[in-house]
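Numbers restart at 1 for each chain; the letters A, B, ... are given by sequence-line order, proteins then strands.
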Number of protein chains: 2
Amino acid sequence: MTRKTQPADVFSAIAEPRRREVIAMLSDGEEHAVNDIVLRLKLAQPAVSKHLGALRKVGVVTVVKRGQHRMYRLHPAGLKPVHDWVKTFERYWTHQVDQIKQRAERKALERMIRMDDGSNPKEE
Amino acid sequence: MTRKTQPADVFSAIAEPRRREVIAMLSDGEEHAVNDIVLRLKLAQPAVSKHLGALRKVGVVTVVKRGQHRMYRLHPAGLKPVHDWVKTFERYWTHQVDQIKQRAERKALERMIRMDDGSNPKEE
DNA sequence: TTAATATATTCCTATTTAGGAATATGTCAA
DNA sequence: TTGACATATTCCTAAATAGGAATATATTAA
């Protein structure tokens with residue numbers, strides 16, 4: 001897992017494009033041996049093991065020993081924190097965008113009229 | 001923005017916890033001056049400017065000059081790539097989990113019976 | 001113009017971390 | 001046991017990057 005310090009949270013874990021590739025490959029819901037991933041993604045074996053270790057540490061994949069292979073499988077629940085976080089912004093690109101923008105613009109206008117430059121931390 | 005090299009994509013941009021705090025603060029949909037954010041999040045001003053620069057570069061915030069202030073506003077559409085990506089896994093933690101698991105286990109069993117150790121890249 | 005305020009940028013440094021090379025560990029087959 | 005294969009780990013190095021300090025830039029006020 002690239003030495004000692006690994007992404008501590010799932011947001012950092014998925015920031016790595018290769019790890020998203022690994023996730024994509026595992027998103028068929030099936031088990032895959034490390035070497036399958038090595039061949040498919042054309043990465044070095046240690047690199048794959050490290051990425052899988054990182055994903056495992058944040059709960060995005062699980063592993064079982066099966067013979068001399070370690071079979072990795074996606075554990076999608078590990079991605080739920082990301083989903084929940086970004087889902088709170090979903091409404092912005094659906095129908096409520098206009099309302100929100102209008103509210104913001106109205107308030108901004110108020111501020112301009114009042115000449116309130118924000119140097120007083122009264123908003124806190 | 002922390003020197004020259006900045007997160008090139010939105011996944012890396014939101015990996016930073018402070019930047020998610022900035023996003024949270026802007027998620028009221030209104031404009032905020034840099035100094036508002038400095039005061040609210042208790043970060044140094046250069047740090048905030050750098051984070052805002054990173055978020056702007058990936059399209060998560062927009063900025064307008066207003067007097068001597070730069071007013072930043074959330075641009076939620078910039079988060080859509082993350083949303084779209086993670087949304088493809090939504091089904092896993094809803095109702096279809098069992099079907100997928102069962103299919104995976106059936107296939108895994110086939111592999112075991114065939115003693116297919118995966119050393120032949122026939123899956124490609 | 002000068003001073004004050006708001007923000008951005010540059011330089012520097014420390015930390016994080018991805019990848020390569022080599023090696024270690026573990027499992028199976030002969 | 002020995003050898004082949006599968007995977008993990010360690011060591012090293014290079015790149016990315018967060019933050020601090022100092023400075024630059026821009027805008028407004030006097």
Side-chain angles (χ1 to χ4, degrees), chain A residues 1-9 11-22 31-58 61-72 111-112 115-121, chain B residues 1-9 11-22 31-58 61-72 111-112 115-121:
Chain A
M1 33 309 249
T2 301
R3 210 168 182 188
K4 66 208 67 163
T5 43
Q6 261 182 314
D9 75 330
F11 287 91
S12 298
I14 66 166
E16 242 293 312
R18 316 279 193 160
R19 286 199 282 263
R20 291 205 299 280
E21 288 183 39
V22 171
E31 291 179 345
H32 291 272
V34 176
N35 209 26
D36 280 7
I37 302 172
V38 169
L39 294 172
R40 185 94 56 108
L41 302 187
K42 294 177 181 170
L43 296 175
Q45 175 266 312
V48 171
S49 284
K50 289 167 188 174
H51 285 313
L52 287 168
L55 292 173
R56 194 165 76 90
K57 192 168 267 184
V58 299
V61 304
T62 58
V63 59
V64 294
K65 281 194 207 174
R66 202 176 297 288
Q68 67 194 117
H69 295 157
R70 311 282 178 102
M71 306 304 289
Y72 283 86
R111 262 199 300 273
M112 286 179 65
M115 303 281 201
D116 182 349
D117 66 0
S119 57
N120 288 345
Chain B
M1 28 315 250
T2 303
R3 212 166 180 189
K4 64 208 70 167
T5 44
Q6 259 182 315
D9 74 330
F11 286 91
S12 298
I14 65 166
E16 244 292 316
R18 315 281 193 158
R19 284 198 282 264
R20 291 205 300 280
E21 288 183 41
V22 171
E31 290 179 345
H32 290 272
V34 175
N35 208 27
D36 281 6
I37 302 172
V38 169
L39 295 172
R40 185 95 57 107
L41 302 187
K42 293 178 182 170
L43 297 175
Q45 176 266 313
V48 171
S49 283
K50 289 167 188 174
H51 286 313
L52 287 169
L55 292 173
R56 193 164 77 90
K57 192 168 266 182
V58 299
V61 303
T62 58
V63 59
V64 294
K65 280 195 208 174
R66 201 177 296 289
Q68 67 193 120
H69 295 155
R70 311 282 177 103
M71 306 303 290
Y72 283 86
R111 262 200 299 276
M112 288 178 67
M115 303 282 200
D116 182 349
D117 67 358
S119 57
N120 289 345

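If you measure from atom CG of A:Leu43 to atom C1' of D:dA8, you get 16 Å, rounded to the nearest angstrom. Rounded to an integer number of Å, the gap from B:Asp36 CG to C:dT5 C1' is 14 Å. If you take CZ of A:Arg56 and P of D:dT7, they are 14 Å apart, rounded to a whole angstrom. Between the CE atom of A:Met71 and the C1' atom of C:dG26 there is a distance of 16 Å, given to the nearest Å. To the nearest angstrom, P of D:dC5 lies 19 Å from CZ of A:Arg70. Nucleotide C:dA8 holds its P atom 12 Å from the CG atom of B:Leu55, rounded to whole Å. Note: NE2 (A:His32) to P (D:dA6) measures 17 Å, nearest angstrom. Per the geometry, CG belonging to B:Asn35 stands 17 Å off P belonging to D:dT27, to the nearest Å.
OP1 or OP2 of C:dG19 sits under 4.0 Å from a side-chain N or O of A:His51. For the pair A:Tyr72 and D:dA8, the criterion of a side-chain N or O lying under 4.0 Å from OP1 or OP2 is met. Between D:dG19 and B:Arg18, a contact under 4.0 Å exists linking OP1 or OP2 to a side-chain N or O.
Nearest heavy-atom pair across A:Arg19 and A:Ser12 is NH2-O, 3.7 Å.
A:Arg56 places no side-chain N or O within 3.5 Å of a backbone atom of A:Val61 that could act as its donor or acceptor partner.
For B:Arg20, the CZ atom sits in a packed shell: over 12 heavy atoms of surrounding residues, nucleotides or ligands are nearer than 6.0 Å.
Proximity of A:Val22 to A:Leu55: side-chain heavy atoms (C-beta onward) are separated by under 4.5 Å at one or more points. Side-chain contact between B:Glu31 and B:His69: absent, with no pair of heavy atoms (C-beta onward) separated by less than 4.5 Å. Counting only heavy atoms from C-beta outward, the side chains of A:His32 and A:Arg40 approach each other to under 4.5 Å.
Along DNA chain C, the nucleotide nearest to A:Glu16 and the one nearest to A:Gln45 differ in position, and the one closer to the 5' end is contacted by A:Glu16.
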Output a table of nitrogen or oxygen pairs between the protein and nucleotides 27-30 of chain C separated by less than 3.5 Å.
residue: C:dT27; atom: OP1; partner: A:Lys65; partner atom: NZ; Å: 3.4

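Shown here are the side chain to side chain contact (heavy atoms under 4.5 Å, CB included) partners of A:Val38, two or more places apart in sequence or in another chain: A:Val34, A:Asn35, A:Gln45, A:Val48.
Minimum atom distance to the side chain of B:Ala47 is reached by D:dG19, of the listed D:dA8, C:dT7, D:dG19. Proximity note for A:Ala44 (side chain, C-beta onward) versus C:dG20, C:dG19, D:dA21: the nearest is C:dG20.
Residue A:Lys50 places no side-chain atom within donor-acceptor reach of the base of D:dT7, judged by atom type and a 3.5 Å distance cut-off alone.
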